[in-house]
2 protein chains.
Amino acid sequence: MTISPRQIARAWERERPGTPTGSIEIVTPILRLAKLFADDRARVLRRAGIDSATLDLLSTLRRSGPPYRLGTRELAARTLVTAGAISQRVARAEERGLVVRTPGDGRRAVEVSLTAEGHTLVESSVDQVLGREAALVADLRPAEREALVTLLDTLTQGVRRRVTSS
Amino acid sequence: MTISPRQIARAWERERPGTPTGSIEIVTPILRLAKLFADDRARVLRRAGIDSATLDLLSTLRRSGPPYRLGTRELAARTLVTAGAISQRVARAEERGLVVRTPGDGRRAVEVSLTAEGHTLVESSVDQVLGREAALVADLRPAEREALVTLLDTLTQGVRRRVTSS
DNA sequence: CGTCCTACGTTTAGGGCTAAACATACAGGA
DNA sequence: TCCTGTATGTTTAGCCCTAAACGTAGGACG
């Protein structure tokens, strides 16, 4: 039913000879896989009473270790979203009692801390997400998995360098 | 500055021994690469006067070959978004004169066709996007690239099977 | 025929994100 | 001391998407 990246490249070559199709077989499957993972994660989390954006915030705080507190710039850098998005995520999470905003020490910083309630919610949802995703990638054999990790790492480094330098 | 997927996995193991971290080094880089590609594509397209969603629609029609016309279900299947999203994409594109909706033959079908204006816009933007993305993945050597394509394909098949069967 | 019922496209409500406009705190120089 | 520039967090406007509610058009069947 779905058209494969290779078929997409062939279709462009047929319809517009000369189209630079070289990247399609790399970029398209990555975009599609990301959507499959994201949609599936959203489904799992809906049952757990949380959404991906909030879990991303709480996980980052939880993973940072005691005292489970980070500044907003640090949060933005670690979650790859803009400062405005962090501001909104924190506002929503604070509304639900999952985090609290406290004035930090330096300059005009604001620090975000995990509450007991937020801590409980992370604990109960992280394993569900990671367990499910482990099942989704389960039929990659160890050697394949290792090779894929290495290649994705190489690609990420190259893309990041070229993106940020423009 | 940014934390690597491996560091994320290690942090979970340190903070919560027993957390199933096996999938992190696969899923996280895929989500991040997708975001890097999507954001970069959005920047390129903004200058070209179009957005990713509209280009996705127009490209699908363009690639399908003459008469550059497809039904809405077909469009939904090929672009991996919901029927509601297609309806909105088509409405926006029609407003701009890039496509037209025409009553189809069977049942109650609606067919979407590329206009001359839409055709022109695709032609001028596709090469910019694909050219840019070819540059982004350029430092993958041929052997690496081939291996990555194969692994992504294997992974996609597995994930798709497990996602749709639930 | 008339009545379900199913398939299908559209509309609506709500959520998330980005970019840009704002507001403000602090630092350093004149 | 005052002023200006810069860094930082928040708010707003505008997109896009999904899920679910809607409104129908055609069949299937009694």
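Residue numbers start from 1 in every chain, and the chains themselves are labelled A, B, ... in the order their sequence lines are given, proteins ahead of strands. Remember, predicted model here, so these are calculated numbers, not experimental data.
- One atom, CG of Asp40(A), and another, P of dA19(D), lie 12 Å apart when rounded to the nearest Å.
- Within residues 80-90 of chain A, the residues that place at least one heavy atom under 4.0 Å from DNA chain C are, in residue-number order, Val81(A), Thr82(A), Ala85(A), Gln88(A), Arg89(A).
- Relative to the side chain of Lys35(A), the nucleotides dC17(C), dT18(D), dG9(D) differ in distance, and dT18(D) lies closest.
- Residue Leu31(A) contributes atom CG, which lies 17 Å from atom P of dC16(D) at whole-angstrom precision.
- Regarding Arg101(B), its CZ atom lies at a distance of 14 Å from the C1' atom of dC8(C), rounded to whole Å.
- As a whole-Å value, the separation of Glu74(B) CD from dC8(C) P is 12 Å.
- A salt bridge does not link Arg96(B) to Glu117(B): none of the charged side-chain nitrogens sits closer than 4.0 Å to a carboxylate oxygen.
- Using a cutoff of 4.0 Å between basic side-chain nitrogens and carboxylate oxygens, Arg46(A) and Asp51(A) are not scored as salt-bridged.
- Partners of Ser4(B) by side-chain contact (heavy atoms from CB on, under 4.5 Å), not counting sequence neighbours, listed by chain and number: Arg6(B), Gln7(B).
- Residue Leu70(A) forms a side-chain contact (heavy atoms from CB on, under 4.5 Å) with just one option from Arg78(A), Glu111(A), Arg63(A), and that option is Arg78(A).
- Nearest heavy-atom pair across Ile24(B) and Pro29(B) is O-CD, 3.5 Å.
- Nucleic acid contact class of Asp51(A) (heavy atoms, under 4.0 Å, all strands): sugar-phosphate only.
- Atom CZ in Arg46(B) sits about 7 Å away from atom C1' in dA19(C), given to the nearest Å.
- In this structure, Glu94(A) places its CD atom 9 Å from P of dT10(D), rounding to the nearest Å.
- One can place CZ of Arg41(A) at 21 Å from P of dG15(C), the figure rounded to the nearest angstrom.
- A salt bridge is absent between Arg145(A) and Glu25(B): the closest approach of a Lys/Arg side-chain nitrogen to an acidic carboxylate oxygen does not fall below 4.0 angstrom.
- Arg92(A) has a side-chain polar atom (N or O) that falls below the 4.0 Å cut-off from OP1 or OP2 of dC17(C).
- Using five terminal pairs a side, the axes of the helix from dC1(C)-dG30(D) to dA30(C)-dT1(D) at its two ends make an angle of 10°, given in steps of 10 degrees.
- Contact detail for Leu121(A) and Gly49(A): the closest heavy-atom pair is CD2-O, 4.5 Å.
- A salt bridge is defined here as a Lys NZ or Arg NE, NH1 or NH2 lying under 4.0 Å from an Asp or Glu carboxylate O, and Arg10(A) with Glu13(A) fails to meet this definition.
- A salt bridge links Arg89(B) to Asp56(B): at least one charged side-chain nitrogen sits closer than 4.0 Å to a carboxylate oxygen.
- Between the CZ atom of Arg96(B) and the P atom of dC15(D) there is a distance of 11 Å, rounded to whole Å.
- Remark on DNA chain D: of its neighbouring residues Thr54(B) and Ala91(A), the 5'-side contact belongs to Ala91(A), judged by nearest-heavy-atom nucleotide.
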